[in-house]
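Scroll down for the structure; my scribbles are underneath it.
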There are 2 protein chains.
Amino acid sequence: MGTVDKALSLLDFFSESRPEIGLSELARMAGYDKATVLRLMTALADRGFVEQNVKTRDFRLGPALLRLAHIREASLPQRASAQPILERMSAESGETVHLLLLGKNHLETIDFIEASAHAMRVYMDAGERIPLHASASGLACLAHMPVEEARTALSGALRSYTDHTITDASRILSHLDNVRKTGIAEIDQAFEDGVYGMAGPIFASDGSVTGAVGIATPSSRVTDAFRSKAHKIIRKAASDITRAWGGVAPEAGNEETAA
Amino acid sequence: MGTVDKALSLLDFFSESRPEIGLSELARMAGYDKATVLRLMTALADRGFVEQNVKTRDFRLGPALLRLAHIREASLPQRASAQPILERMSAESGETVHLLLLGKNHLETIDFIEASAHAMRVYMDAGERIPLHASASGLACLAHMPVEEARTALSGALRSYTDHTITDASRILSHLDNVRKTGIAEIDQAFEDGVYGMAGPIFASDGSVTGAVGIATPSSRVTDAFRSKAHKIIRKAASDITRAWGGVAPEAGNEETAA
DNA sequence: ACCAGCGGTTCAAATATTAAACCGATAGAT
DNA sequence: ATCTATCGGTTTAATATTTGAACCGCTGGT
């Protein structure tokens, strides 16, 4: 396997709740040799992708990431242009809302707003990576990509996150028809216990799916009335963001055949 | 040299003014073989650090950068906490202001606000990398790092950006005394023609310099009156940001001896 | 005073990286 | 309509880099 991939994979161990990691621990987490991790991290540090806490020598994500994110956002302002739409979703639903972009085999969280209306709410970690098979947003994406792609995306071993996670690829695939019909993917406690997720797809200019917007609620608060209200909010938001990003939703019925 | 370093170096060719680059051209720019660049870019794309425009197959920076930047900013909100101070600087000076973080051998632009008061203003590219030896901010940093570090930072070949760029390390080093005395680094047209720069250092909690804030003005507009006004604004901003980030300015006179 | 764990270094063995030639496809010029 | 140059991408044998076990000195807890 590539060295570059190994180096980049190390960055994924950092999160909002775990912003600093020492050398030995990182090596343990990643399953690489300590010397290897040191060399990789040194390379990353030389380019500013990570930096070291001078006191503890622990690593944390570096300033180069801010710089590069800034460049991307300057030429492709997805986050900024979606923000008012997310805010409207948040205000209308009162629940935690989030915006995800479709990566190679997972979703990248690029923005979210936590629930304002309830003391009990769904919390999110900044910059989480979300699996396709165990989230409403993931299902929304899978449902709208070419079937072959979806099949290969689900071909590996599917990790179970809760008792409710569906790890059988064919069962997931058979759900997708319904997602396509309603335009909304819905799933209960597949990624986190007690969290109910609903999401809709966002499309690029060529009609392919590029991400998803969704609402995350405590499962205990979900009623049919709330669900249908949430569906409306999500459908509107997904279509607004698609438009804001210069995308177009494919004609219904045409999309599965897209190669 | 490391493969990881090569891969990461490719990301630096993307900028606000050049957000998408094709394979062959990137290979030419970087001076690497096309096959090599392809492999490296594929590795980066697999992790979402770059993505390909499906139409043109050109590369652009990817969504993973947004995600990781989000994580860093969530646990170390430097940009957010400095923003009001930058805004005040911008309002008070009427000129373009910027905030840079010190990386391994250069500065990373993490935020800026372009001049509001003048039609002729200094424009900045989002996410530029700035050399230490050819910018006021760079001199501000060099002046406040341990002398040995500054000397090694200037030991390589110093690139000339304009006719005014000083490329002689010892001449730069001898300027630094004055920077330390006044707390402000100042330089005319060292990085871009017609741009006059002034900047002050930002310190970390251990008293080491971690970045700089500065003002960039068209050289033609600089007067002594403006300079002394700008110095005041910068000194205040630098000290406010240092404090906002939990840093402390070292005692004057003690800092050069810090090892 | 000890021990366990830390960050970091070393070097021979193992493995991944490289670059030139080549491919089919595309687009502009003649 | 045909040529030509360039594109993105693939293959190969030759090569340079990566790897990991053992080891270092150091620090903090018992």
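These numbers come from a predicted model, not from an experiment.
Looking at the side chain of K34(B), the nearest of the listed nucleotides dG8(D), dT18(C), dT18(D) is dG8(D). Closest contact between the side chain of A35(A) and the listed nucleotides dT10(C), dT19(D), dG8(C) involves dT10(C). When distances run from any side-chain atom of R28(A) to the nucleotides dG7(C), dT19(D), dG5(C), the shortest one goes to dG5(C).
Listed pair T3(B) / dT17(D) fails the phosphate criterion, with no side-chain N or O lying under 4.0 Å from OP1 or OP2. Put simply, S24(B) has no side-chain N or O that comes within less than 4.0 Å of OP1 or OP2 on dT6(D). In this model, the phosphate group of dT17(C) is not approached by any side-chain N or O of T36(B) to a distance below 4.0 Å at OP1 or OP2.
Straight-line distance from the CG atom of D33(B) to the P atom of dT10(D): 14 Å, rounded to whole Å. Across the protein-nucleic acid pair, L23(B) atom CG and dT10(D) atom C1' stand 12 Å apart, rounded to whole Å. At whole-Å resolution of the value, CZ in R57(B) and C1' in dA25(C) are 13 Å apart. Regarding D5(A), its CG atom lies at a distance of 14 Å from the P atom of dT18(D), rounded to whole Å. Computed from coordinates, the L38(B) CG to dA20(C) P distance equals 16 Å when rounded to whole Å. Across the protein-nucleic acid pair, K55(A) atom NZ and dG7(C) atom C1' stand 18 Å apart, rounded to whole Å. In this structure, CG of L26(B) is placed 18 Å from P of dT6(D), rounded to the nearest angstrom. Here dC11(C) presents its C1' atom at 14 Å from CZ of R39(A), a figure rounded to the nearest Å.
For the ring pair (Phe, Tyr, Trp, His ring centres under 6.0 Å) condition, the pairs that include at least one residue of residues 39-78 of chain A, sequence neighbours left out, are H70(A)-F112(B).
A donor-acceptor contact under 3.5 angstrom links the side chains of D125(B) and S17(B), judged on distance only.
A salt bridge links R18(A) with E25(A); the closest basic N to acidic carboxylate O contact falls under 4.0 Å. Of the charged side-chain nitrogens involved, at least one lies within less than 4.0 Å of a carboxylate oxygen, so that R72(A) and E51(B) count as a salt-bridged pair.
Within the nucleic acid shown, E25(A) has no heavy atom closer than 4.0 Å to any nucleic acid atom.
Mapping Y32(B) and Q52(A) onto DNA chain C by nearest heavy atom places Q52(A) at the nucleotide closer to the 5' end.
A distance of 10.5 Å separates CD1 in I202(B) from OG in S239(B), rounded to the nearest 0.5 Å.
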